[in-house]
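Worksheet: one structure, shown below.
Sequence lines set the chain letters: A, B, ... in the order given, protein chains first and strands last, and positions in each chain run from 1.
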Protein chains: 2
Amino acid sequence: MAEPRFRRYAPEVRAGMLVEAGMACLARGGIGAFTVDNICAEAGASRGLIAHHFGGKDGLLVAVHAAAYAPVLEGWEGVGLPGLVDRLFAPAQFTEPGPRVWLALWGEIAVNPVLKAEHERHYTAYRTKVAAVVGDDVLAGAVIALADGLWLEQCLAPDVMSPDRAKAACRMLLRPILGDV
Amino acid sequence: MAEPRFRRYAPEVRAGMLVEAGMACLARGGIGAFTVDNICAEAGASRGLIAHHFGGKDGLLVAVHAAAYAPVLEGWEGVGLPGLVDRLFAPAQFTEPGPRVWLALWGEIAVNPVLKAEHERHYTAYRTKVAAVVGDDVLAGAVIALADGLWLEQCLAPDVMSPDRAKAACRMLLRPILGDV
DNA sequence: CCTCTTGCTGAACGGTTGTATGGTAAGGCT
DNA sequence: AGCCTTACCATACAACCGTTCAGCAAGAGG
């Protein structure tokens, strides 16, 4: 047989493939589509692999959460007040499937203790980065809340809220306090 | 037997009991806990009742969504700019289990077509009410986004964001545009 | 070409899911 | 008190869930 039945990958490569497949399922069908069957079919692997690499489905979910947070935390070097809004709504996190994945994750974070602890850790780091730009911690919380809420509206009613309108709305509220951002 | 094995209720009464039980399950364990078994146990009824009254689990979910929206849409008579923030963060919608239920619902709305259509209908009505107060539709979208984002933070990191801090953050951003609200 | 490590498969398992359905009894009405 | 409507129960069912595990085979090293 010239064609091998399956390929072997380095563990971290295969783990990455499973994480990506998990995000795709999450974006397509929410947490209800985040099943071992779906994910392994999406990744083109057999059902045992998730347990093998992540110990179980919950382990993969934590890894997916971390992967979803990565683009949110990256690329803050050199960002000042001008450029803040562009950074908040950077394509990497504001275009699909990013927001869809977050929508599904939020519903689980509130309910899954492990995920919740992991989230608070990342969120604090995120908030620190934003606070460094706007100069105030409470204001940073408000800015993040505004951005998240605009993500939300875009997901739930895309006809009403586009990325451009979201940026405009964000600037409308922030300009009186922060100037041109 | 003096004690009857079960009680009979008027259909709309029993439907209300099931909706309430569904919201409790949603708040406690997210969409993963929204199962026929859980809900009927919570309501003290047998497993067949949901199909009997709502045609199926999806029917109940739509009813729960409508019930969750009710307190958001009520009580806007006579609300002007002063009082807007108090109305946005009224206890009926900002204290548990309200936000927890919404967190779970948001993840499904994006994915369930029936729920999505229903949501857009209610959301438009909500936005209209807010726009009537703030006088501008785009601004209304931004205000709702801000309020939703603050709900979110309070659910995900309650230690960091309390109802009072949420109100303060909201006023901080709105005062320069709307005055004292 | 052989060997050895190990990434991976795939079937089997017990438990849970939502729905369908035939039978039961609650409680209003006469 | 008896009847009759119908709200309700409780089981059965097939589909699907996540985990386990014994063994296969891919492919690097020799």
Side-chain angles (χ1 to χ4, degrees), chain A residues 1-22 25-26 28-65 104 107-108 111-115, chain B residues 1-22 25-26 28-65 104 107-108 111-115:
Chain A
M1 303 305 175
E3 197 74 5
R5 264 203 302 130
F6 60 91
R7 271 202 61 183
R8 291 163 70 109
Y9 295 89
E12 63 280 11
V13 173
R14 188 62 108 171
M17 294 168 65
L18 289 172
V19 166
E20 203 164 338
C25 292
L26 225 43
R28 189 189 312 129
I31 197 72
F34 192 80
T35 67
V36 171
D37 275 339
N38 276 345
I39 299 163
C40 289
E42 173 84 26
S46 83
R47 293 160 39 75
L49 255 200
I50 290 179
H52 185 260
H53 282 282
F54 296 94
K57 205 184 70 161
D58 280 357
L60 176 59
L61 190 59
V62 172
V64 166
H65 175 261
E108 286 306 299
V111 147
N112 179 331
V114 181
L115 217 52
Chain B
M1 304 304 175
E3 197 73 5
R5 263 204 301 131
F6 59 92
R7 273 203 59 183
R8 291 164 70 109
Y9 295 89
E12 60 288 4
V13 173
R14 188 61 110 169
M17 294 168 65
L18 289 172
V19 166
E20 203 163 338
C25 292
L26 225 44
R28 188 188 313 129
I31 197 71
F34 192 79
T35 67
V36 172
D37 275 339
N38 276 346
I39 299 163
C40 290
E42 173 86 25
S46 84
R47 293 160 38 74
L49 255 201
I50 290 178
H52 185 259
H53 281 284
F54 295 94
K57 204 183 71 160
D58 279 359
L60 175 59
L61 190 58
V62 172
V64 166
H65 176 260
E108 286 306 300
V111 147
N112 179 330
V114 180
L115 216 51

Indicate yes or no: at least one non-hydrogen side-chain atom of A:Val114 is less than 4.5 angstrom from one of A:Asp58. no
Would you call B:Val64 and B:Leu26 a side-chain contact if the rule is heavy atoms closer than 4.5 Å? yes
All heavy atoms of B:Asn38 vs all of B:Ala33, minimum pair found to be ND2-O, 3.0 Å
If every non-hydrogen atom of B:Leu61 is compared with every non-hydrogen atom of B:Leu115, which pair is closest and at what distance? CD2-CD2, 3.9 Å
Rounded to whole Å, CG of A:Asp37 lies from P of C:dT16 at a distance of 18 Å
Measure across A:Leu18 and A:Ala43 and return the closest heavy-atom pair with its distance rounded to 0.1 Å. CD2-CB, 3.9 Å
According to the salt bridge (charged side-chain N to carboxylate O under 4.0 Å, His left out) rule, which pairs have a member within residues 44-56 of chain B, sequence neighbours left out? B:Asp37-B:Arg47
Give me the first and last nucleotide of DNA chain D, going 5' to 3', that has any atom under 4.0 Å from a heavy atom of chain A. D:dC17 to D:dG27
So which atom in B:Leu49 and which in B:Ala45 form the shortest heavy-atom distance, rounded to 0.1 Å? CD1-CB, 3.5 Å
Quick one: which protein N/O atoms are closer than 3.5 Å to N/O atoms of nucleotides 6-10 of chain C? Pair and distance per line, please.
{"residue": "C:dT6", "atom": "O2", "partner": "A:Arg8", "partner atom": "NH1", "Å": "3.0"}
{"residue": "C:dT6", "atom": "O2", "partner": "A:Arg8", "partner atom": "NH2", "Å": "2.9"}
{"residue": "C:dG7", "atom": "O4'", "partner": "A:Arg8", "partner atom": "NH2", "Å": "3.4"}
{"residue": "C:dG7", "atom": "O3'", "partner": "A:Tyr9", "partner atom": "O", "Å": "3.3"}
{"residue": "C:dC8", "atom": "OP1", "partner": "A:Tyr9", "partner atom": "N", "Å": "3.0"}
{"residue": "C:dC8", "atom": "OP1", "partner": "A:Arg14", "partner atom": "NE", "Å": "2.8"}
{"residue": "C:dC8", "atom": "OP1", "partner": "A:Arg14", "partner atom": "NH2", "Å": "3.4"}
{"residue": "C:dC8", "atom": "OP2", "partner": "A:His53", "partner atom": "NE2", "Å": "2.7"}
{"residue": "C:dT9", "atom": "OP2", "partner": "A:Ser46", "partner atom": "N", "Å": "3.0"}
{"residue": "C:dT9", "atom": "OP2", "partner": "A:Ser46", "partner atom": "OG", "Å": "3.0"}
{"residue": "C:dT9", "atom": "O5'", "partner": "A:Ser46", "partner atom": "OG", "Å": "3.3"}
{"residue": "C:dT9", "atom": "O3'", "partner": "A:Arg5", "partner atom": "NH1", "Å": "3.4"}
{"residue": "C:dG10", "atom": "OP1", "partner": "A:Arg5", "partner atom": "NH1", "Å": "2.8"}

Applying salt bridge (charged side-chain N to carboxylate O under 4.0 Å, His left out), name anything that partners A:Arg28, two or more places apart in sequence or on another chain. A:Glu42
How long is the line joining NZ of B:Lys57 and P of C:dT16, in whole Å? 16 Å
Report for the helix from C:dC1-D:dG30 to C:dC13-D:dG18: angle between first-end and last-end helix axes, five pairs each, rounded to 10 degrees. 20°
Going by ring pair (Phe, Tyr, Trp, His ring centres under 6.0 Å), name the pairs with one or both residues in residues 38-65 of chain A, residues two or more places apart or in two chains. A:His65-A:Tyr69, A:His65-A:Trp102, A:His65-A:His119, A:His65-A:His122
Base, sugar-phosphate, or nothing: which does A:Ala51 touch, judged by heavy atoms less than 4.0 Å apart? base
What heavy-atom pair brings A:Ser46 and A:Cys40 nearest, and what distance separates the two atoms? O-SG, 3.3 Å
